[in-house]
Amino acid sequence: MGCGLRKSEVQQKKCDRVSLSVPAATAIRAALLIQRWYRQYVARLEIRRRCTWNIFQSIEYAGQQDQIKLYSFFGFLMDHFTPASSERNLISHIFRENEICRDVEWERYFCYKSIDVPDSYTGPHLTFPMTFCGVSKLVEAFKHKQQLHARYVLQILGETWRLLRILPNISHLSSCHTKEITICGDLHGQLEDLLLIFYKNGLPSTEKPYVFNGDFVDRGKNSLEILLILFGFLLVYPNDVHLNRGNHEDHIVNLRYGFTKEVLGKYRVHGKKILKLLQKIFSWLPLATVIDHKVLIAHGGISDTTDLNVIARVDRHKYASTLRPPKMTKLAVNGSNSQTTNRRNGDAGVPVDFRRRVRSLTHHSSTPPQGLPRRSLHNLHTSHQHMNWSVDDELKKRRRLAGFDQSYGERKKPDSDSDPECEEGTETYEHEWEQMVDLLWSDPMPQNGCIPNEVRGGGCYWGPDVTEEVLGRHNLQLLIRSHECKQDGYEFCHNRRVLTIFSASNYYEVGSNRGAYIRMGADLVPHFVQYQASRTCRELTLRQSVGWTERSALQALRRQLFVHKSDLISAFREFDPNNTGIISPSHWASATESVLKLGLPWRVLRPQLVSSTKNGMVDYQEWMKELSITEPKLEISDTSLLETMYKNHSNLETIFRIIDTDHSGLISYEEFRQTWKLLSSHLKTEISDDVIANLAQSIDFNKDGSIDINEFMEAFRLVDLSAHS
Amino acid sequence: MALLLPRGADNFKDAFQLFDRTPTSEMKITYAQCGDLIRALGQNPTNTEIMYVLGKPKAEDMNTKMLDFDQFLPIHQHICKAKDRGTFEDFVEGLRVFDKEGNGTVMGAELRHVLATLGEKMREDEVEQLMQNQEDANGCINYEAFVKYIMSEVENANLIKFLYSQAEGCCLWELLLTYLYV
């Protein structure tokens, strides 16, 4: 190619056939210069992206920890007293292990046959047994935003339940030369992503087997539709569609993260039944999939004690929620397997299991292990030390606060106490439960070792040495897992022996990340397909998408700062003894971290969060005023109560939903009062009955004195009124 | 310019933390992350320069060997002292080399080829990302605009404007470290 060719002609030639028209040395120098600058540009963008990611993740994981703390608190209450038979126990039903109903009786309860489909129904009609046409019709209907009638929902779920009960804990697949296996990660209710996958890759069938690796529900608005589609395909192709359980396939987690709300909103009459049936289905979902005895697929990951033989034998349906082990006795505390407590170093153990930790506090020294994670549950740690010193006192106080007023007499021993075999039985229970939690909640880390996953509150962090050991022990070559959002939809780690696959694009925000799925043939080499569901049709450049996500993250962070206003001001004042209203940026950063405990690089973020600075110092009073971002729709004069409400928005909602035992969406005044009592004892603050009565009065009651949960929560949702661009 | 990096500077550690992926926050980064951190802090070394200051590590060491804050600082200083960083003009000159018709444009195709085959080669997806939306209908790129675009992360950021306006009150340290968030 010479100088004679016009540029447009040259453009049509392939890149690699273009030859150079300048001396090589000059070209190389020029190339180096451009490459250097490019790499710097990318590194800067990357640090911005990471900063943003960090913010979202910290807030997300802090939310998860919060929930687990709350749930553990209930567990503690439950375990340490016994309600009188006349007393209605508000929260016991979710822990109820004594379900004497047999499956047959459940089947009768879940029967769809009595539900009629009216002529006015315009949604899809299904016939059973399900066929490929039937499911495709369902997919189409959901694409057009139709809703499936409750009768058909219960029918599909019923069939699914029946099928899942005969499936093993670990499914074994064989790859084959003529067809590739498709593996998808978290979907989290994002129907657009599932539809995009089907569009790009084709619907599941015998020629197109799929593995879905958990977390189908929560957060997105179409969790139920996704489940129905996946179950539909499972029913039609039970040998070619495989579903693994994720940590969100759990009715307790669903209470907080939106799935329960979604179902109740869409099915006002039959929602409760649907949820109950789903609870059973979730507990019956298989735990892992293995391809060719070489590739293991599980939602979270592994730990140093992972043993697939144990997992294969477990009665998986006993663990309706992986957040808490089945009820254990007092005996179990003392006879408990010391192996399990020693494996996880130190006192900062898995916060979910109360007993184990209380016991370990007496046995081990109370100095925390070196390098305690930034995001460890410090509060929980100290609160348990406190409880250990005078458990009875603490117990009485809490129960009083919570409004349980029966006197604490002899503890009624649970039945299994008298069973001599129980001791061993509950040890196995605990060990099995741990295996399951590890499989569903763990995350990989770069360093060797295996430590408790403090950030999530469940499972562990495992290192490359554990990967080698576990994979080696089982003769496996690759672990595919999900559970963590990745920028590009997938990521390798541990020398490419662990692969994370995440299929919910734009998870944190529009443009935050791509989703991906894997196609794997007989060679067991993963091939990736990435995508990004876009509501706006234009493709964002990397810089634009970083910018979008960044704005969103900063808004979320401002909300967090706002709800902690009074704590922040107190913290700032400690650095400002002369009450000048001004502190240094360093002090601002330390104070903010001490209150929010999100482990974020505040000094780096400060310019984006604080505009009121004089001479490089922070005018915190001015800043706090700037942060005002909302007006509540109800008039509450008590500002500290208001702040409590904003700060504990999610906790409050979770408690409401737990209390709303018939899932009606309405709770009575008395239940409302007890909710507040529970919350205040969990937070260790006092909220008087008067305050609660005033609060209740300012809400519009129906004549029958009941409160609509959704309305109430909506009134206190934080709306960012600030005009930050 | 040479930077005086006081030991234990909290602000600097903050940035280090962003790259620190250890869940127990040991404040260590891998060798592989070193180059990116240096770049994020405002330098633009070549990969060769980075390998050199790291002591020419083996490929398998890049993801396993770690550096803590105190080990990182002298490495960063060394890079900062290197001359010939390249200014906007140098960059434009570099591209002008490929402007055969002398009309302020280069051909996208040629530039892609160069970046992917010469110097410290870029991958196809990196080249794509760099050139995204830069070529006109004829496949040509106006390189002055292109350079401004690359450098606009620095120049147009509100942060930098803000910093320059605050330069008197701000200590040098803060100024430099806030580059991180550009």
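Just so it is clear: chains get the letters A, B, ... in the order the sequence lines come, proteins before strands, and each one is counted from 1. Values in this document were obtained by computation on a predicted structure and should not be read as measured data.
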For Tyr52(B), does the OH atom have more than 12 heavy-atom neighbours from other residues, nucleotides or ligands under 6.0 Å away?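 No, because the 6.0 Å sphere around OH of Tyr52(B) holds 12 heavy atoms or fewer from other groups.
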
Below 4.5 Å from any heavy atom of chain A, which atoms of [X] appear? Answer side chain, backbone, both or neither.
X	answer
Asn47(B)	side chain
Leu111(B)	side chain
Glu60(B)	neither

Is the shortest side-chain N to carboxylate O distance from Arg112(B) to Glu128(B) below 4.0 Å?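 Answer for the salt bridge query: yes.
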
When the ring planes of Phe528(A) and Tyr490(A) are compared, do they come out parallel, tilted or perpendicular, using 30° and 60° as the limits?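 Rings of Phe528(A) and Tyr490(A): parallel, as their planes differ by under 30°.
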
Side chains of Leu54(B) and Cys34(B): closer than 4.5 Å at any heavy-atom pair?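 Of all side-chain heavy-atom pairs linking Cys34(B) with Leu54(B), at least one is under 4.5 Å.
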
